[in-house]
Student: 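Have a look at this one.
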Amino acid sequence: MQKLQVSKRGQDVIASPIRKFLPLMQATEKKGIKVLKINVGDPDLQPPAEFFKVVRSYAGKSLPYTPSPGIPAHTAAWQTYFRQFGVELPMSGIIPTVGCAEAILLAMQAVCDPGDELMVFEPLYSSYKSFAVMTGIKLVPVLLPFEKNFALPPAAEIEKKISAKTKAIVVINPDNPTGKLWTDQELKTVVAIAKKHNLFIISDETYREIRFDGKKPASLLADKSAREHVIVCDSASKRFTMPGARTGVVVSFNEQVMRTLLKFAQARLSTPTLEQLGLVPVLNNSKPYVNKIVKEYKKRRDVIAEGLGKIPGVVFKPAQGAIYQALQIPVKESEDFVRFMVSEFSYKGKTVMVTPMQDFYITPGRGRSEIRLAYVLDSRLLKEAMEILRRGLEAYAKSK
Ligand SMILES: Cc1ncc(COP(=O)(O)O)c(C=O)c1O
């Protein structure tokens, strides 16, 4: 008898690059070594207190399904939230999702059929790669070169990668894993290409306000001329430090897209009740909290830049946004270095866990000397982490 087999896509999907070193890390921790984890974008800050106030005072005797388009007060709070960026959405233009992750998965399926192509820029937040395998959608990567600080190539180069099967372009701004902020000109270029070739833009704005250039945060939805094209995927996870709330939204002015997304949303019923309720006051008055954490992340970005500046052979430009720093280190295989750091190296009973960048690329062989740091620890610990990284790189070079 033949053995039971999972699907081909199930076999093809990659393990999260962020989580695949977990067993090694746990073994190291069992030995009593403290691991400073700056590999996952799971911040240490406290979420807004109003959220817990609402959740704790929930007086309902039951926990029913919520409507697929969201609890009206929650959806209306997102409407209020978007208004500050000059985006006046109808309620039907917003559907709550289980994090931005589900928003992406639904948006991809709303615009692509199996076999269709989605243009992305690499390196790329790795869940897109998994979702592409799960949905049978082909990702076509355009390289944002590390050496050019991840600048967008000229339009003509991007257009070469468009085929009859291309349905949409993904923009992540501010970006994970590069810490890149898209310039106005780069956004204009992508919008112009989308219009010329009749493509959707999936705009992942998870980190919208987390930018360190002092400029006003924006949404691609504010560009009235591109409204039919743009689908924004958004999230409470990072700007409100509540990834465990698993609450995001998928947003568009395109009515056909929203009708499609609503059918998908109905099939998966609804998103969590308490989290939707808890987010209402947070979304209705988001600025004070967001301003506070952006200041903190900027401080951390600077601490990391200062620490990295002292490490020989490291190449980087300070991140412009999000909560990540991408860098080149003087090693051939960053995966091997990460393995060394979590299984062989420690300094004063501590080591550091970072993420190798290779799996953020689609093109094999790219990113082998790159790593990503997430600034999810306080400045004192980050300073210590940079010192451990410096010593770790030194020890690794000697071990080769
Ligand atoms: C660019 C980007 N998009 C989406 C997500 C997923 O966010 P959520 O926690 O809202 O599902 C992340 C999480 O790190 C991310 O970095």
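All values below were derived from every heavy atom in this structure, side-chain atoms included, with hydrogens, water molecules and symmetry-related copies excluded. Indexing begins at 1, ligand by ligand and atom by atom, following the structure's order.
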Student: Quick one about Ser270 and Gln276 (side-chain donor to acceptor, distance below 3.5 Å, no hydrogens or angles considered), yes or no?
Tutor: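 Ser270 and Gln276 do not have a side-chain donor-acceptor pair below 3.5 Å.
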Student: Please confirm whether Arg372 makes a cation-pi placement over Phe360, using NZ or CZ under 6.0 Å from the six-membered ring centre and within 45° of the ring normal.
Tutor: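 Verdict for Phe360: no cation-pi partner in Arg372.
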Student: Please confirm whether Glu102 comes under 4.0 Å of ligand 1, counting heavy atoms of the residue only.
Tutor: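 In this structure, Glu102 fails to qualify as a contact of ligand 1 - no heavy atom is under 4.0 Å.
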Student: Against heavy atoms of Ser235, which atoms of ligand 1 measure under 4.0 Å?
Tutor: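 Matching atoms, with element in brackets: 8 (P), 10 (O).
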Student: So which protein heavy atom does atom 1 (C) of ligand 1 come closest to, and at what separation?
Tutor: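 Nearest protein contact, heavy atoms only, for atom 1 (C) of ligand 1 is Asp204 OD2, 3.3 Å.
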Student: Would you say Ser68 and Gln266 are linked by a side-chain donor-acceptor pair, where the criterion is simply a distance under 3.5 Å?
Tutor: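 No pair is found: no donor N or O on one side chain lies under 3.5 Å from an acceptor on the other.
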Student: Can you pull out the closest protein heavy atom to atom 7 (O) of ligand 1? Residue, atom name and distance to 0.1 Å, please.
Tutor: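 The answer is Cys100 CB, 3.7 Å.
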Student: Under a 3.5 Å threshold, yes or no: a donor from one side chain and an acceptor from the other, between Ser346 and Lys31?
Tutor: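 Judged by distance alone, the side chains do not pair up.
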Student: Anything under 30° is parallel, anything over 60° is perpendicular, the rest tilted; go ahead and classify Phe240 against Tyr81.
Tutor: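 Because their plane-to-plane angle is over 60°, the rings of Phe240 and Tyr81 count as perpendicular.
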Student: Without hydrogens or angle criteria, can the side chains of Tyr347 and Glu387 be said to hold a donor-acceptor pair below 3.5 Å?
Tutor: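 No, because no side-chain N or O of Tyr347 sits under 3.5 Å from a partner of the opposite role on Glu387.
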Student: Hey, does Tyr207 come in under 3.5 Å of ligand 1, counting only N/O atoms on both sides?
Tutor: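 Indeed, backbone or side chain, Tyr207 has an N or O that close.
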Student: Is there a donor-acceptor pair closer than 3.5 Å between any side-chain N or O of Lys167 and the backbone N or O of Asp116?
Tutor: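 Looks like no, no N/O pair under 3.5 Å.
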Student: May I ask you to identify the nearest protein heavy atom to atom 5 (C) of ligand 1, giving residue, atom name and distance to one decimal place in Å?
Tutor: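 Looking at atom 5 (C) of ligand 1, the protein heavy atom closest to it is Tyr125 CE2, 3.4 Å.
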Student: Hey, does the side chain of Ser203 reach the backbone of Ile231 with a donor-acceptor pair shorter than 3.5 angstrom?
Tutor: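 No.
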Student: Of all the non-hydrogen atoms in the protein, which one sits nearest to atom 14 (O) of ligand 1, and at what distance?
Tutor: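 Going by distance alone, atom 14 (O) of ligand 1 is nearest to Lys238 NZ, 2.8 Å.
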Student: If you measure from each heavy atom of Thr247 to ligand 1, is any distance below 4.0 Å?
Tutor: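 No heavy atom of Thr247 comes that close to ligand 1.
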Student: So is there a nitrogen or oxygen of Ala101 less than 3.5 Å from a nitrogen or oxygen in ligand 1?
Tutor: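 Checking ligand 1 against Ala101, an N or O pair does fall under 3.5 Å apart.
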Student: Please work out whether any backbone atom (N, CA, C, O) or any side-chain heavy atom from C-beta onward of Ser237 is under 4.0 Å from ligand 1, and answer side chain, backbone, both or neither.
Tutor: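 It is the side chain that gets close, since no backbone atom is under 4.0 Å.
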Student: Select one of side chain, backbone, both or neither to describe which atoms of Asp175 lie under 4.0 Å from any atom of ligand 1, heavy atoms only.
Tutor: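 Looking at Asp175 and ligand 1, no heavy atom falls under 4.0 Å.
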